[in-house]
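Below is one structure, written out as structure tokens; comments come after it.
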Amino acid sequence: MCGIVGYTGNKYAVPIIIDGLKRLEYRGYDSAGVAVHERNAIKIVRAVGKLRNLIEKTANLKASGTSGIGHTRWATHGKPSEVNAHPHKAGSIVLVHNGIIENYGELKARLIKKGVIFESETDTEVIAQLINFYFQETKDLFSAIIRSIKDLRGSFACAVLNEKEPDKIYLMKYESPLVIGLGDRENFFASDMPALLPYTNRIVFLKDGEIAVLTDKTYKIFDFSGNEVKREPEIMNISISQAEKGGYPHFMLKEIFEQPEAFINTVRTRLHPDKGEIVLDELNYKISERFSSIHIVACGTSYHAGLLGRIFLEELAEMPVYVEIASEFRYKKNFFNKDTLYLFISQSGSTADTLAALKKCKEAGMGTLAICNVLGSSISLEADNTIYTHAGPEIGVASTKAFSTQVSVLLLLALKIAGEKNLLKRKEIKKYINDMLSLPRLMEEALKSSENIKDIAKKFHKYTNFLYLGRGLSYPLAMEGALKLKEISYIHAEAYAAGEMKHGPIALIDENMPTFLINPESPHFEKTLSNMQEVLARGGKIIALASNNDSTTKNYTDYIIYIPHINTYLDTLLTIIPLQLFAYYCAVLKGTDVDQPRNLAKSVTVE
Ligand code: M6R
């Protein structure tokens with residue numbers, strides 16, 4: 001839930017670390033800190049609040065040492081305060097940590113008994129003190145780290161400095177992301193690639209259960225038993241502009257507008273229009289031959305993508321699908337079935353609940369598949385197979401392009417299985433493929449309605465409650481639209497299957513409860529239109545989302561957003577755009593922090 005970054009080389013470390021922290025701030029932003037080697041000592045500076053506070057405090061550190069580490073925090077153990085901010089010091093050890101140590105209470109009590117004095121309330125200080133404790137005995141930091149890891153239960157990506165070894169940074173990884181970047185007589189590490197891309201595209205992915213030792217010229221990787229592991233760097237062809245705002249006021253807006261590109265990057269190489277075939281190289285088997293049903297597990301926006309996926313898979317591929325929230329799945333009684341494929345969806349690939357649910361399935365011997373955006377993430381490494389979404393880095397906390405690429409992959413899966421089962425003929429799959437190839441142009445068209453949406457947001461952003469209604473595919477989209485509005489504009493919004501209105505929610509309707517009605521062309525069109533009339537009859541205001549060939553809806557409301565129509569399944573990728581834009585403009589008009597909404601973090605790597 002936090003971001004860590006570090007540098008060792010021939011340049012001053014602090015500006016590079018601060019730059020990396022700026023790119024990682026989306027991971028947590030309630031306090032931040034840096035530690036840098038400075039003449040046989042380590043200088044630590046920490047500040048509560050946004051990164052700018054740390055930047056002010058480190059102004060005179062710009063030209064200090066050439067080796068250091070940094071941290072941006074999302075508090076889990078201990079309130080946001082300077083003393084709880086990282087880095088934490090124990091003896092000559094200084095440490096930053098992303099993750100959560102589940103047995104920290106027990107370890108802390110044990111260390112206190114041995115006379116160790118703690119400064120903070122954090123679980124992280126326990127790791128620093130534990131390593132320092134063993135370091136006193138072993139006099140060798142590497143061995144002390146290995147001993148400490150044996151005692152730790154939980155997730156961690158840590159970087160450790162030692163006053164006595166100014167040329168080295170020790171890294172350790174278990175269930176929290178950590179990548180190394182290789183430069184010329186300089187090396188870097190970070191929780192996520194965007195922090196490294198301005199400096200290098202030579203990336204080494206650390207795996208769970210590994211320790212790395214970085215110097216300015218070398219990197220060595222070991223397993224938790226201390227055996228060396230050889231790993232070559234990978235060249236990442238992701239441009240830095242992909243990870244920056246590119247002229248947009250917010251990452252979220254940039255990422256909404258990147259959806260046509262993200263979509264095509266995700267599907268292009270997988271579409272074979274000549275053969276009328278979908279090719280998913282990541283799958284070395286036919287799903288329909290091994291499995292008769294699919295169980296999808298995910299959180300938040302990824303869960304909503306899973307709900308859409310269910311409809312694709314059931315309708316196109318005749319696969320029974322069950323969709324569950326990971327935090328529920330992981331603790332309930334599961335009726336595992338070897339004929340079921342367990343499918344995990346996660347943008348970050350590091351969501352704690354989804355990862356735990358995946359591990360539960362693996363322990364039960366189930367077949368697993370992941371849909372992830374972050375390369376080398378814990379979920380992608382843990383699953384039997386992973387289909388990547390290629391959305392590029394998503395920095396805004398509100399998920400947008402990750403959602404549309406997840407939905408795209410789910411549609412590819414459904415079409416592929418439908419082809420395997422001969423439910424769709426090559427000719428029909430070819431038609432879907434051709435529609436997909438024309439989708440980016442239609443997405444661009446949908447994005448052009450942003451001015452109209454901004455005007456509608458001006459009229460509606462002061463309301464405090466909203467209903468989102470839709471049927472069939474539009475119901476999960478209503479859920480996603482409502483989530484977007486809640487998380488960035490802090491307006492309370494509830495989504496209902498439109499047919500459920502009469503079973504209770506209709507009582508809420510009056511002039512203060514606007515309804516966002518999602519009703520593009522579909523077999524449900526007429527029925528949802530009736531729901532619209534029920535709302536209007538009770539004095540409710542309606543914003544309607546309609547296909548641009550619809551001539552009826554305009555008779556009932558002045559607030560209409562039109563989207564192009566291509567086919568019911570692909571329309572979902574057009575419908576989502578106005579929902580994202582509406583939430584975005586409401587948030588901007590309300591003056592909230594769009595990219596870093598309160599209380600949230602991009603990757604929820606703790607429970
Ligand atoms: O990285 P993941 O896809 O596993 O994240 C799951 C949710 O935390 C995430 O989708 C969250 O709901 C977003 N903030 C929604 O915009």
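Indexing begins at 1, ligand by ligand and atom by atom, following the structure's order.
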cation_pi(Arg598, Tyr490) dist<6.0 Å, angle<=45: yes
Axial cation check for Phe335 ring with Lys333, 6.0 Å and 45° limits: yes
Only heavy atoms of [X], strictly under 4.0 Å: list the atoms of ligand 1 that pass.
X: Val397; value: 13 (C), 14 (N), 16 (O)
X: Lys484; value: 15 (C), 16 (O)
X: Glu487; value: 13 (C), 14 (N), 15 (C), 16 (O)
X: Ser399; value: 15 (C), 16 (O)
X: Ser346; value: 1 (O), 2 (P), 3 (O), 4 (O)
X: Ala398; value: 16 (O)

For the residue pair [X] and [Y], confirm or rule out a side-chain donor-acceptor distance under 3.5 Å.
X: Ser302; Y: Ser346; result: no
X: Gln347; Y: Asn373; result: yes
X: Ser408; Y: Thr405; result: no
X: Ser399; Y: Glu394; result: yes

Nearest non-hydrogen atom to [atom] belongs to which of [options]?
atom: atom 3 (O) of ligand 1; options: Gly300, Ser302, Gly396, Ala298; result: Ser302
atom: atom 9 (C) of ligand 1; options: Asp353, Thr301, Val604; result: Thr301
atom: atom 1 (O) of ligand 1; options: Pro597, Ala601, Ser348, Ala402; result: Ser348

Closest protein heavy atom (residue, atom, distance) for atom 4 (O) of ligand 1: Thr351 OG1, 2.4 Å
Nearest non-hydrogen protein atom, atom 6 (C) of ligand 1: Cys299 O, 3.4 Å
N/O separation below 3.5 Å, Thr354 to ligand 1: no
Only pairs under 3.5 Å count here: list side-chain donor-acceptor contacts from residues 465-479, not counting sequence neighbours, and write none if there are none.
from	atom 1	to	atom 2	distance (Å)
Asn465	OD1	His492	ND1	2.9
Arg471	NE	Asn531	OD1	3.2
Arg471	NH2	Asn531	OD1	3.0

Donor-acceptor under 3.5 Å (Asn84 side chain, Glu121 main chain): yes
